[in-house]
Asker: 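Have a look at the structure that comes next, please.
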Number of protein chains: 2
Amino acid sequence: MAGTASRAGSTGRRERLRAETTAEIKDVALELMASGGPEAITLRAIAREMGMTANAIYGYFATRDDLVTVLIGDVYTELADAVDTAWESASADSPATRIQGWAGAFRNWALANPEGFRLVYGDPVPGYDTPHGGAAPEAAHRVCAGLTALAAAAWPYAEHLHESSEFAWSDFDAGLVDKVRADFPGLPPAAVALALRIWGRLHGLVSLEVYGHLRTQTTSPDKLFREEVTQLVRSLDIPLRS
Amino acid sequence: MAGTASRAGSTGRRERLRAETTAEIKDVALELMASGGPEAITLRAIAREMGMTANAIYGYFATRDDLVTVLIGDVYTELADAVDTAWESASADSPATRIQGWAGAFRNWALANPEGFRLVYGDPVPGYDTPHGGAAPEAAHRVCAGLTALAAAAWPYAEHLHESSEFAWSDFDAGLVDKVRADFPGLPPAAVALALRIWGRLHGLVSLEVYGHLRTQTTSPDKLFREEVTQLVRSLDIPLRS
DNA sequence: TGCGGTGACTATACGGCGTGAAGTTTCTAT
DNA sequence: ATAGAAACTTCACGCCGTATAGTCACCGCA
């Protein structure tokens with residue numbers, strides 16, 4: 001009634017409401033996931049929580065898988081933000097510290113958001129093959145770029161250990177290659193391979209831990225991870241104190 | 001009719017039929033999983049395939065999760081067999097070769113049975129928390145024991161790199177500790193930590209590959225894995241040629 | 001030879017799921 | 001004021017796991 005159109009910004013009231021509802025759906029979905037795992041993300045449960053009908057959600061997401069895809073993108077982006085922040089907040093003078101910071105942020109995020117980790121890196125709940133386009137692949141590339149920065153920081157120390165490496169640019173995804181060659185000119189393909197291998201190393205322990213496979217073997221996954229990172233740094237011939 | 005009880009071995013006809021049906025249920029379930037992923041394991045689909053009613057399966061497995069648990073145990077045991085065989089068939093004289101064999105067998109099994117890998121190491125399909133007892137934990141311990149054998153073989157070379165290690169027996173599961181101290185007397189806790197870290201290293205790349213995260217970054221996951229194993233051996237100070 | 005018990009299986013049912021089609025209400029732009 | 005679009009509901013279908021009750025064949029024993 002009063003001040004009808006006055007508070008409408010660049011968008012109309014309709015779109016604003018729509019955006020709010022969309023956000024609420026995603027929020028509720030994330031809450032459900034946090035409390036019941038990825039499989040608890042159910043259109044009917046979301047609708048129940050919102051006082052709506054399940055079918056109403058189809059006005060916002062074409063399908064349940066579409067919703068999950070968007071969620072994966074959001075969550076993956078949060079992860080990318082977390083590790084990027086850790087990387088940037090560590091002194092560039094000390095590659096060891098930076099790597100430890102990145103690795104620690106990765107694990108901490110995973111332990112703080114185990115369901116999110118499963119959503120991003122595990123079976124994203126029935127059927128569902130990865131979407132090949134959207135926020136998730138972009139976040140994945142950000143994480144890979146971060147890893148490449150890590151490898152680039154290590155490269156001056158580690159290069160001499162990779163002289164027999166047989167990697168070529170053609171071994172990697174074209175998009176990734178473009179990004180790497182733009183961001184780190186002069187960096188050889190072997191360093192990208194190193195980046196991916198570091199990813200694997202960190203992902204392995206964290207993944208085992210999140211999925212509960214470490215818990216049945218060790219009571220100190222934390223210590224194990226720190227040791228792994230220490231040995232990683234050592235295996236790159238990086239001095240522990242810069 | 002003829003020879004009624006003659007061919008009944010140590011068990012009666014009733015039990016034999018029962019065992020056969022149980023086996024058929026598991027076989028069909030594994031087929032469904034192979035063709036449609038873990039989430040395709042459905043009591044109704046299995047029953048359909050067998051010309052039965054879904055409820056008939058409840059005579060053999062109390063619940064769908066029970067069936068899945070048994071399947072995980074079976075599949076995990078197959079994996080343990082595969083890596084054990086690879087380990088034993090490689091010359092004990094060359095730790096490097098043995099480690100490469102173990103790692104290769106692990107990855108090959110995972111790539112040949114991606115759904116099995118997901119069943120064992122991923123979300124085993126909705127809800128479902130790990131069973132804590134049965135064939136799966138036993139297989140897990142076998143794999144860990146295999147990894148410890150790996151670490152034990154590497155230890156003479158790698159020990160000097162782990163002098164600052166702070167691990168104690170109390171950092172590990174009591175059952176695992178007993179097994180290790182019986183099988184490898186004299187091996188310190190740090191070596192068990194090394195075994196678990198090696199597990200993480202191998203699991204990481206394989207897991208990323210099975211779940212399709214490597215595919216979007218590299219076209220040569222194979223080369224990447226071989227490089228990782230090579231660097232693993234190198235990081236343990238093991239001579240490549242014994 | 002018949003009979004009671006047991007184990008294998010089916011029939012029916014309930015609630016929950018994703019989703020399609022059709023209908024209803026509510027807002028908006030003309 | 002009205003036409004139309006957007007938001008949402010209702011109803012329906014076919015999946016799913018699973019509980020309950022009933023049916024039928026086979027077993028050992030008299």
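What's counted below: heavy atoms across the whole structure, side chains too, no hydrogens, waters or symmetry copies.
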Asker: Taking any heavy-atom pair under 4.0 Å as a contact, classify A:Tyr60: base, sugar-phosphate, or nothing.
Answerer: sugar-phosphate

Asker: Whole angstroms only, please: what is the CD1-P distance between A:Ile41 and C:dT19?
Answerer: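 The answer, rounded to whole Å, is 13 Å.
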
Asker: Write down the distance between CD1 (A:Ile46) and P (C:dC17), rounded to a whole number of angstrom.
Answerer: 10 Å

Asker: Could you give the CG-to-C1' distance, from A:Leu43 to C:dT19, as a whole number of Å?
Answerer: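 It is 9 Å, rounded to the nearest whole Å.
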
Asker: Please determine whether a side-chain nitrogen of the Lys or Arg among B:Asp173 and A:Arg215 lies less than 4.0 Å from a carboxylate oxygen of the Asp or Glu.
Answerer: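 Salt bridge absent between B:Asp173 and A:Arg215.
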
Asker: Select from A:Thr63 and B:Ala54 the residue whose nearest nucleotide in DNA chain C is closer to the 5' end of that strand.
Answerer: B:Ala54

Asker: The side chain of A:Met52 lies closest to which of these nucleotides: C:dA8, D:dT9, D:dG17?
Answerer: D:dT9

Asker: Shortest non-hydrogen contact from A:His203 to B:Ser207?
Answerer: NE2-OG, 3.4 Å

Asker: Taking the ring of B:His141 and the ring of B:Tyr76, is the distance between their centroids below 6.0 Å?
Answerer: no

Asker: Using whole Å, report how far CZ of A:Phe61 lies from P of D:dC8.
Answerer: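 After rounding, the reported distance stands at 13 Å.
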
Asker: Quick one: is A:Thr21 getting a side-chain N or O under 4.0 Å of the D:dA7 phosphate, OP1 or OP2?
Answerer: no

Asker: When you get a sec, tell me which of C:dC17, D:dT18, D:dC15 is the closest nucleotide to the side chain of B:Arg48?
Answerer: D:dC15

Asker: Nearest whole Å is fine: how far is D:dC8 C1' from A:Met50 CE?
Answerer: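 Distance check: A:Met50 CE to D:dC8 C1' gives 12 Å.
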
Asker: Can you measure A:Arg18 atom CZ to C:dT28 atom P for me and round it to whole angstrom units?
Answerer: 14 Å

Asker: When you get a sec, tell me which of D:dC8, C:dT19, D:dG17 is the closest nucleotide to the side chain of A:Tyr58?
Answerer: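 Per side-chain heavy atoms of A:Tyr58, the pick is C:dT19.
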
Asker: By salt bridge (Lys or Arg N to Asp or Glu O under 4.0 Å), which residues pair with B:Lys223, not counting sequence neighbours?
Answerer: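 Listed in chain order: A:Asp171.
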
Asker: Mind calculating the distance between CD (A:Glu39) and P (C:dG18) to the nearest angstrom?
Answerer: 12 Å

Asker: Produce the list of close N/O pairs, under 3.5 Å, pairing protein atoms with atoms of nucleotides 11-13 of chain D; give distances to one decimal.
Answerer:
unit_1 : atom_1 : unit_2  : atom_2 : d
D:dC11 : N4     : A:Asn55 : ND2    : 3.3

Asker: With a 4.5 Å heavy-atom cut-off, do B:Leu202 and B:Val229 have their side chains touching?
Answerer: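 Yes. Closest side-chain heavy atoms under 4.5 Å.
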
Asker: Measure from CZ on A:Arg16 to C1' on D:dA7 and round the result to the nearest Å.
Answerer: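 So the two atoms are 16 Å apart, to the nearest Å.
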
Asker: So does A:Asp222 pair up with A:Arg226, basic N to acidic O under 4.0 Å?
Answerer: yes

Asker: Whether B:Glu228 and B:Arg201 form a salt bridge (side-chain N of Lys/Arg under 4.0 Å from carboxylate O of Asp/Glu) is what I want to check.
Answerer: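 Between B:Glu228 and B:Arg201 there is a salt bridge, with a charged N closer than 4.0 Å to a carboxylate O.
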
